[in-house]
Amino acid sequence: MNVSAIIITKNAERTLPRCLESVAWADEIVVVDSGSTDRTLDICRELGAQVHQTPDWPGYGPQKNRALDLACGDWVLALDADEWVAPELRAEIDRTLAAPGNKAAFAIPRRSSFCGRLMRHSGWWPDYVVRLFRRDAARFSEDNTHERLIVNGPTGKLKQPLMHEAITSLDQMLNKMNVYSTNTALMLHRRGRRASLFTALLHGGWAFMRTYFLRLGFLDGREGFMLAVANAEGSYYRYLKLMLLSEKNHR
């Protein structure tokens, strides 16, 4: 079976070499870039990836579909630039694709780090993500953020983890929170959803309780508490922004 690795990028020079090197075994690596100004494009060419630039940013789902449309392999492995495939996962992928049975896709447990700590609880482990799939049996949703893979067929599970350097600093966390809360609020607004201050407070409080207590975030030490607060803030601002969007349109 031929395997295409697909990656979307923008200014990913710090993490991209590790990502690309971890999938050097793939039959092709397709990178779709949305206007990088650092060494991202040079790194792609140096490490043998096909790199394609797009003039606009349509959102995560549409951009990943652009990369998917450029892939030629029977199977596709979709990665983010801050993820990488350890040798154990590569070996499991090889074994799985040698006899995939009737499966159209496979979910992979993702092991993520937060400010330098590998999270073992908090809803971050095991964080199954469907990333390995038959090219002709799946497509990403058109959502601007929190996109998902829509699979036409049964999905199996792998055991070895996909590694993920999710958050490296508080500045990165705050920037991501701002971008994701804005994009999600816009998406919800287009779907006709509405919110109030009470809604924002309720969702923020629930996000903290779910992360820190129900998902055992307290077992992840101080980083577990930090992540729970970040999730609460992200949820609070998402619905607060949705509230303001709704009020703006009714003025």
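Since this is a predicted model, take the numbers as computed values, not measurements. What's counted below: heavy atoms across the whole structure, side chains too, no hydrogens, waters or symmetry copies.
In this structure the side chain of Leu47 never reaches within 4.5 angstrom of the side chain of Ile29, judged on heavy atoms. A 4.5 Å side-chain heavy-atom check between Gln63 and Lys10 finds every atom pair outside the cut-off. Considering only heavy atoms from C-beta on, Asn65 stays 4.5 Å or farther from Glu147 through its side chain. No side-chain heavy atom of Phe106 sits less than 4.5 Å from a side-chain heavy atom of Val130. Between Arg66 and Pro58 there is a side-chain heavy-atom pair separated by less than 4.5 Å. Using a 4.5 Å heavy-atom threshold, the side chains of Leu197 and Tyr236 count as touching. Put simply, the side chain of Ser34 does not reach to within 4.5 Å of the side chain of Ile8, judged on heavy atoms. Here the side chains of Arg238 and Leu188 are in contact, with some heavy-atom distance below 4.5 Å.
Remark: side-chain polar atoms of Thr54 are paired, donor with acceptor, to backbone N or O of Asp56 under 3.5 angstrom. Side chain of Trp84 to main chain of Ala81: no donor-acceptor pair is present (N/O by atom type, distance under 3.5 Å, no hydrogens or angles). Judged by distance alone, the side chain of Glu13 and the main-chain N or O of Ile43 form no donor-acceptor pair under 3.5 Å. Between the side chain of Thr40 and the backbone N or O of Ala12, at least one donor-acceptor pair lies under 3.5 Å. Checking side-chain atoms of Ser22 against main-chain N and O of Val85 turns up a donor-acceptor pair under 3.5 Å. No donor-acceptor pair under 3.5 Å is formed between the side chain of Thr184 and the backbone N or O of Ser181. In this structure, the side chain of Arg131 engages the main chain of Ala78 through a donor-acceptor pair within 3.5 Å. Of the possible donor and acceptor atoms, none in the side chain of Asn178 sits under 3.5 Å from a partner among the backbone N and O of Leu174. At distances below 3.5 Å, not a single donor-acceptor pair connects side-chain atoms of Ser113 with backbone N or O atoms of Gly116. In this structure, Gln160 contributes its side chain and Glu92 its backbone to no donor-acceptor pair below 3.5 Å.
Under a cut-off of 6.0 angstrom, the local environment of CZ in Arg190 is crowded, with over 12 non-hydrogen atoms contributed by other residues, nucleotides or ligands. The 12-atom threshold is exceeded at OH of Tyr128, counting heavy atoms of other residues, nucleotides or ligands nearer than 6.0 Å. Other residues, nucleotides and ligands contribute only 12 or fewer heavy atoms inside 6.0 Å of the NZ atom of Lys157. Surrounding OH of Tyr212 are more than 12 heavy atoms belonging to other residues, nucleotides or ligands, all under 6.0 Å away.
Note that the CE atom of Met226 and the CG atom of Leu170 stand 4.5 Å from one another [nearest 0.5 Å]. Separating the CG atom in Asn231 from the CE atom in Met177 is a distance of 8.5 Å, to the nearest 0.5 Å. Going from atom NZ of Lys103 over to atom OG1 of Thr96 covers 10.5 Å, rounded to the nearest 0.5 Å. Annotation: the span from Arg134 atom CZ to Asp74 atom CG amounts to 8.0 Å, rounded to 0.5 Å. Atom NZ of Lys248 and atom NE2 of His189 lie 9.0 Å apart (nearest 0.5 Å). In this structure, the separation between CG on Asp33 and CG on Asn11 is 7.5 Å, given to the nearest 0.5 Å.
When hydrophobic clusters are built by joining Ile, Leu, Val, Met, Phe, Trp and Tyr residues whose side-chain heavy atoms come closer than 4.5 Å, directly or via intermediates, Leu79 is not grouped with Leu70. Note on Met243: it does not cluster hydrophobically with Leu202, by side-chain heavy-atom contacts below 4.5 Å among ILVMFWY residues. In terms of hydrophobic clustering, with Ile, Leu, Val, Met, Phe, Trp and Tyr side chains grouped at heavy-atom distances under 4.5 Å, Ile108 and Phe133 are assigned to different clusters. There is a path of hydrophobic side-chain contacts, each under 4.5 Å, that joins Ile167 to Leu227. Note on Val3 and Leu162: same hydrophobic cluster, where clusters join Ile, Leu, Val, Met, Phe, Trp and Tyr whose side-chain heavy atoms are under 4.5 Å apart, directly or indirectly.
By the 30° and 60° cut-offs, the orientation of the rings of His203 relative to Tyr239 is parallel.
Pairing each heavy atom of Val30 with each of Ala67, the nearest pair is CG1-O, 4.0 Å. Annotation for Arg111 and Met119: closest pair NH1-O, 4.3 Å, computed over non-hydrogen atoms. Nearest approach of Ala232 to Gly204, heavy atoms of both residues: CB-O, 3.2 Å. When all heavy atoms of Ile6 and Ala71 are compared, the closest pair comes out as CG2-CB, 4.0 Å.
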Next on the checklist: Test side-chain contact (heavy atoms from CB on, under 4.5 Å) on Ile7 and Leu20; report intermediate values, then the result.
Outcome noted: CA-CA 9 Å; Ile7 307 162; Leu20 293 178; 3.6 Å; yes
Next on the checklist: Please evaluate residues Asn183 and Lys241 with respect to the criterion side chain to side chain donor-acceptor pair (under 3.5 Å), reporting the C-alpha separation (whole Å), side-chain torsions for both, the decisive distance (0.1 Å), and the verdict.
Outcome noted: CA-CA 10 Å; Asn183 289 341; Lys241 290 176 181 181; over 6 Å; no
Checklist entry - Do Tyr180 and His146 pass the ring pair (Phe, Tyr, Trp, His ring centres under 6.0 Å) test, and can you show the C-alpha distance, the side-chain angles, and the key distance before you say yes or no? => result CA-CA 9 Å; Tyr180 274 72; His146 300 302; 5.6 Å; yes
Checklist entry - Under the side-chain contact (heavy atoms from CB on, under 4.5 Å) criterion, do Asp127 and His164 qualify, and how do the steps go? => result CA-CA 11 Å; Asp127 173 29; His164 180 212; 5.8 Å; no
Next on the checklist: Please evaluate residues Asn2 and Glu28 with respect to the criterion side chain to side chain donor-acceptor pair (under 3.5 Å), reporting the C-alpha separation (whole Å), side-chain torsions for both, the decisive distance (0.1 Å), and the verdict.
Outcome noted: CA-CA 9 Å; Asn2 293 327; Glu28 66 172 358; over 6 Å; no
Next on the checklist: Go through it in stages, so that I can follow the logic: the residues are Leu186 and Asn144, the test is side-chain contact (heavy atoms from CB on, under 4.5 Å), and I'd like the CA-CA distance, side-chain angles, deciding distance and then a yes or no.
Outcome noted: CA-CA 9 Å; Leu186 288 169; Asn144 288 344; 5.9 Å; no
Checklist entry - Stepwise, does the side-chain contact (heavy atoms from CB on, under 4.5 Å) test hold for Trp25 with Ile93? => result CA-CA 11 Å; Trp25 49 269; Ile93 290 173; 4.2 Å; yes
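Looking at Asp80, Asp143, Asp69 one by one, the single match for salt bridge (charged side-chain N to carboxylate O under 4.0 Å, His left out) with Lys64 turns out to be Asp80.
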